[in-house]
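On a predicted model such as this, the values are computed, not experimentally measured, just so you know. Note that these values count all heavy atoms, side chains included, but never hydrogens, waters or copies made by symmetry. Position 1 is the first residue of the sequence; numbering continues from there.
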Amino acid sequence: MTEAGLDLIAGLTTDETFGPLVVFGLGGVRAELLLDRTLHAAPLTDADATRMVRELRTSPLLFGYRGAPVVDTDELERLLVRIGWLAEQLPELAELDLNPLITTSAGAVAVDFRVRLEPVVAHPERALRALS
């Protein structure tokens, strides 16, 4: 239903220590096989997103490696910044998974996604006292 392109993954996960982390990497069927991903604490600056796109081991695939089509990395970087913004604006967003995110020179299309929400407890110590 969409133009063929490079399968990537983008999203958000939440770490108990570091909080919301933006995830970016190779997606589709290769995601688990190669585990080529990068993480950055949300929110992201433009420079953070640029660095994330370029620090993958497979990043040459984004830039036309061996004649492969170049993908719209500017759009990928904007997407990563927006995911970081979502993490800030929606603290109940515990997980977001756009996989595969099919990318071409014309942009990116998420053909599958998963979202997990969790209630936000403003004061965990109060919630624990209420349960006892």
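- Linking ILVMFWY side-chain heavy atoms closer than 4.5 Å, directly or via other members, places L12 and V115 in a single hydrophobic cluster.
- Looking at T14, its side chain never comes within 3.5 Å of a backbone N or O of G19 through a donor-acceptor pair.
- F18 CZ: 12 or fewer foreign heavy atoms inside a 6.0 Å radius.
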Side chains of residues 95-103: which donor-acceptor pairs under 3.5 Å do they make with residues two or more places apart or in other chains?
from : atom 1 : to   : atom 2 : distance (Å)
E95  : OE1    : R116 : NE     : 3.1
E95  : OE1    : R116 : NH2    : 3.4
E95  : OE2    : R114 : NH1    : 3.4
E95  : OE2    : R114 : NH2    : 2.5
N99  : OD1    : G28  : N      : 2.8
T103 : OG1    : L6   : O      : 3.0

- Quick one: do V53 and F24 satisfy side-chain contact (heavy atoms from CB on, under 4.5 Å)? Show the steps, please. CA-CA 7 Å; V53 167; F24 177 71; 4.1 Å; yes
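- Taken to the nearest 0.5 Å, the CG atom of L26 stands 6.5 Å off from the CG atom of L8.
- Under the 4.5 Å side-chain contact rule for hydrophobic residues, V22 and L117 share a cluster.
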Identify every side-chain donor-acceptor pair in residues 70-82 under 3.5 Å, counting partners at least two apart or on other chains, and give the distances.
from : atom 1 : to  : atom 2 : distance (Å)
D72  : OD1    : D74 : N      : 3.3
D72  : OD1    : E75 : N      : 3.1
E75  : OE1    : R78 : NE     : 3.4
E75  : OE1    : R78 : NH2    : 2.9
E75  : OE2    : R82 : NH2    : 3.2
E77  : OE1    : T50 : OG1    : 3.1
E77  : OE2    : R54 : NH1    : 2.6

Quick one: side chains of residues 33-45, donor-acceptor pairs under 3.5 Å with protein atoms, not counting sequence neighbours, listed by atom name and distance.
from : atom 1 : to  : atom 2 : distance (Å)
D36  : OD1    : R57 : N      : 3.1
D36  : OD2    : R57 : N      : 3.2
D36  : OD2    : T58 : N      : 2.7
D36  : OD2    : T58 : OG1    : 2.5
T38  : OG1    : E55 : OE2    : 2.2
H40  : NE2    : D48 : OD1    : 3.4
T45  : OG1    : A47 : N      : 3.4
T45  : OG1    : D48 : N      : 3.0
T45  : OG1    : D48 : OD1    : 3.4
T45  : OG1    : D48 : OD2    : 3.0

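- In this structure, I83 is a member of the same hydrophobic cluster as F113, with clusters built from ILVMFWY side-chain heavy atoms closer than 4.5 Å.
- Within a 6.0 Å radius of CD in Q89, more than 12 heavy atoms belonging to other residues, nucleotides or ligands are found.
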